Amino acid sequence: METACKVYTKLMLQRGYGYPLWEPEPNEAGEVLIGDVGYILDGGFYRLFNATLAADHPVNARYGVPDGYQPFAYPEALIHRRPRVLEPKPLCSKNVTAFSVEASTDLGFSNPGASGGVRFKCSDEQAAILVLKRPGNREVLHPCRDLTQYILSNHQSWYMFARDVFRLEIEEDDIIFVSGSIKTAEWALAAATHKAREGELSFGGEFGPLAKATFSVSATREMTMSLEHRTGPHSSALTTGSEEPAYDQCVFLHYYKLKRRKILPPKVIRAAGERPHSPHRSPRGSPDAKGGTYSEAENIPSAHSHAIEICVPSILYDSVSP
């Protein structure tokens with residue numbers, strides 16, 4: 001049986017906003033940053049170091065950096081920020097329909113402290129739901145040739161750093177370079193792993209350090225839906241009074257990932273969410289370090305990325321528009 005984390009990732013990935021994290025909250029290393037090199041485990045991202053910051057930067061001082069480290073420098077113009085790419089309301093997998101208990105067509109949360117009552121109707125055996133109390137804001141590093149070459153040149157040293165310094169049991173293609181994120185301040189999420197068809201989920205309560213925002217299961221017939229849910233951030237991380245909350249909860253991640261081909265030189269593929277946009281291609285035929293060629297950037301659906309290529313999954317086509 002698939003875990004709730006795997007079901008949530010699989011279904012929410014289809015929405016096209018990026019790689020969904022089952023654990024959006026920052027860990028002891030801090031919040032996710034552009035340039036982070038790390039890995040994803042059990043739905044959470046773990047930083048090894050940040051490849052855009054100096055070796056003596058406080059972010060990198062915690063664990064150090066690989067031997068021969070040189071940070072990646074990029075023009076600030078390549079960083080693009082777009083607020084409210086996700087509104088404060090439910091975002092569901094494609095097989096789930098959300099509606100208000102009050103039968104209103106507006107599923108947004110006008111009161112920052114309250115979620116209202118929302119019900120979710122499932123049309124398949126599995127389901128995934130993300131509820132945002134506050135907007136989701138996107139920050140992304142647009143693709144460039146220098147970054148592709150930087151990853152090709154340094155990925156092996158990143159992998160050895162993970163194995164030798166962190167003593168991680170990890171594969172080379174588990175190492176990723178973070179190129180963007182969608183972050184919010186408060187959230188709740190849930191996944192039904194099986195027997196969700198014809199069932200309903202209810203979400204209610206209020207966000208906040210003393211509140212209980214919870215999911216529950218109901219059905220018109222006897223059923224045993226398996227449901228797991230999480231909320232965040234933890235009460236200790238929430239602000240009080242009129243303070244603006246920290247938008248450090250990463251609900252979707254954008255990243256570059258290296259997968260080597262056995263015969264041909266590596267190929268860079270920039271995969272997007274499953275949305276009906278025309279693919280945008282960058283120039284092809286740039287030389288690699290071994291004299292072969294690789295495709296600098298090519299958009300394909302995430303579900304069709306090949307295990308023999310450098311994959312850059314989960315960036316929307318419209319996220320690279322001027």
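What you see below is based on every heavy atom in this structure, not just the backbone, and it leaves out hydrogens, waters and symmetry mates. On a predicted model such as this, the values are computed, not experimentally measured, just so you know.
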Practice task
Identify the two heavy atoms, one from A98 and one from V118, that lie closest to each other, and give their separation to 0.1 Å.
Solution key: CB-CG1, 4.3 Å

Practice task
Taking the side chain as every heavy atom from C-beta outward, state whether F45 and Y19 have any pair of such atoms under 4.5 Å apart.
Solution key: no

Handout entry: Inter-residue atom distance H142.NE2 - L147.CG, 0.5 Å rounding
Key = 12.5 Å

Problem - Minimum side-chain heavy-atom gap L91-R15 below 4.5 Å - result: yes

Practice task
May I ask you to decide if the ring planes of Y46 and Y39 are parallel, tilted or perpendicular, using 30° and 60° as cut-offs?
Solution key: parallel

Practice task
Could you tell me how the ring of F177 sits relative to the ring of F72: parallel (under 30°), tilted (30 to 60°) or perpendicular (over 60°)?
Solution key: perpendicular

Practice task
Would you check if there is a donor-acceptor pair between the side chains of Q249 and E31 at a distance under 3.5 Å?
Solution key: no

Exercise for the section: Taking the side chain as every heavy atom from C-beta outward, state whether L258 and I175 have any pair of such atoms under 4.5 Å apart. Expected result: no

Problem - Contact check, side chains of K121 and V96, non-hydrogen atoms, under 4.5 Å - result: no

Problem - Validation row: V178, H254 side chains within 4.5 angstrom (heavy atoms) - result: no

Handout entry: I79 CD1 to L141 CG distance, which is reported to the nearest 0.5 Å
Key = 4.5 Å

Handout entry: Pairwise distance OH(Y256) to OG(S179) - rounded to 0.5 angstrom
Key = 5.5 Å

Problem - Pair F49 and F161, ring centroids less than 6.0 Å apart - result: yes

Practice task
List the atom of A29, the atom of R47, and the distance in Å for their closest heavy-atom pair.
Solution key: O-NH1, 2.6 Å

Handout entry: Side-chain donor or acceptor of R84 paired with backbone N/O of P135 under 3.5 Å
Key = no

Exercise for the section: Rounded to the nearest 0.5 Å, what's the gap from CG on L132 to CD on E186? Could you check? Expected result: 10.5 Å

Completion exercise
Heavy atoms of C122 and A196 approach each other most closely as CB-O, 3.1 Å

Exercise for the section: Verify the distance criterion only: is there a donor paired with an acceptor across the side chains of T184 and R134 at less than 3.5 Å? Expected result: no

Practice task
Would you indicate whether the side-chain heavy atoms of I176 and K257 approach each other to under 4.5 Å?
Solution key: yes

Handout entry: Residue pair P71 / T52, side-chain heavy-atom distance below 4.5 Å
Key = no

Exercise for the section: Would you give the length of the straight line joining atom CG of L11 to atom CD of E2, rounded to the nearest 0.5 angstrom? Expected result: 8.0 Å

Handout entry: Backbone of Y150 reached by a side-chain donor or acceptor of N154 within 3.5 Å
Key = yes

Handout entry: For the student: nearest non-hydrogen atoms of L21 and C250, plus distance
Key = CD1-O, 3.4 Å

Handout entry: Same apolar cluster (I L V M F W Y, side chains within < 4.5 Å links), V85/F252
Key = yes

Exercise for the section: Answer yes when R230 and E25 have at least one side-chain N-carboxylate O distance shorter than 4.0 Å, and no when they do not. Expected result: yes

Completion exercise
Shortest non-hydrogen pair, V37 vs A51, comes out as CG2-CB, 3.8 Å

Handout entry: Between N60 and N50, a side-chain donor and acceptor under 3.5 Å
Key = no

Completion exercise
Looking only at heavy atoms, the pair that brings R197 and S123 closest together is NH1-O, 3.0 Å

Exercise for the section: Measure the shortest side-chain to side-chain distance between Y8 and S93 over non-hydrogen atoms and say whether it is less than 4.5 angstrom. Expected result: no

Completion exercise
So OG of S153 and CD of Q70: to nearest 0.5 Å the spacing works out to 12.0 Å

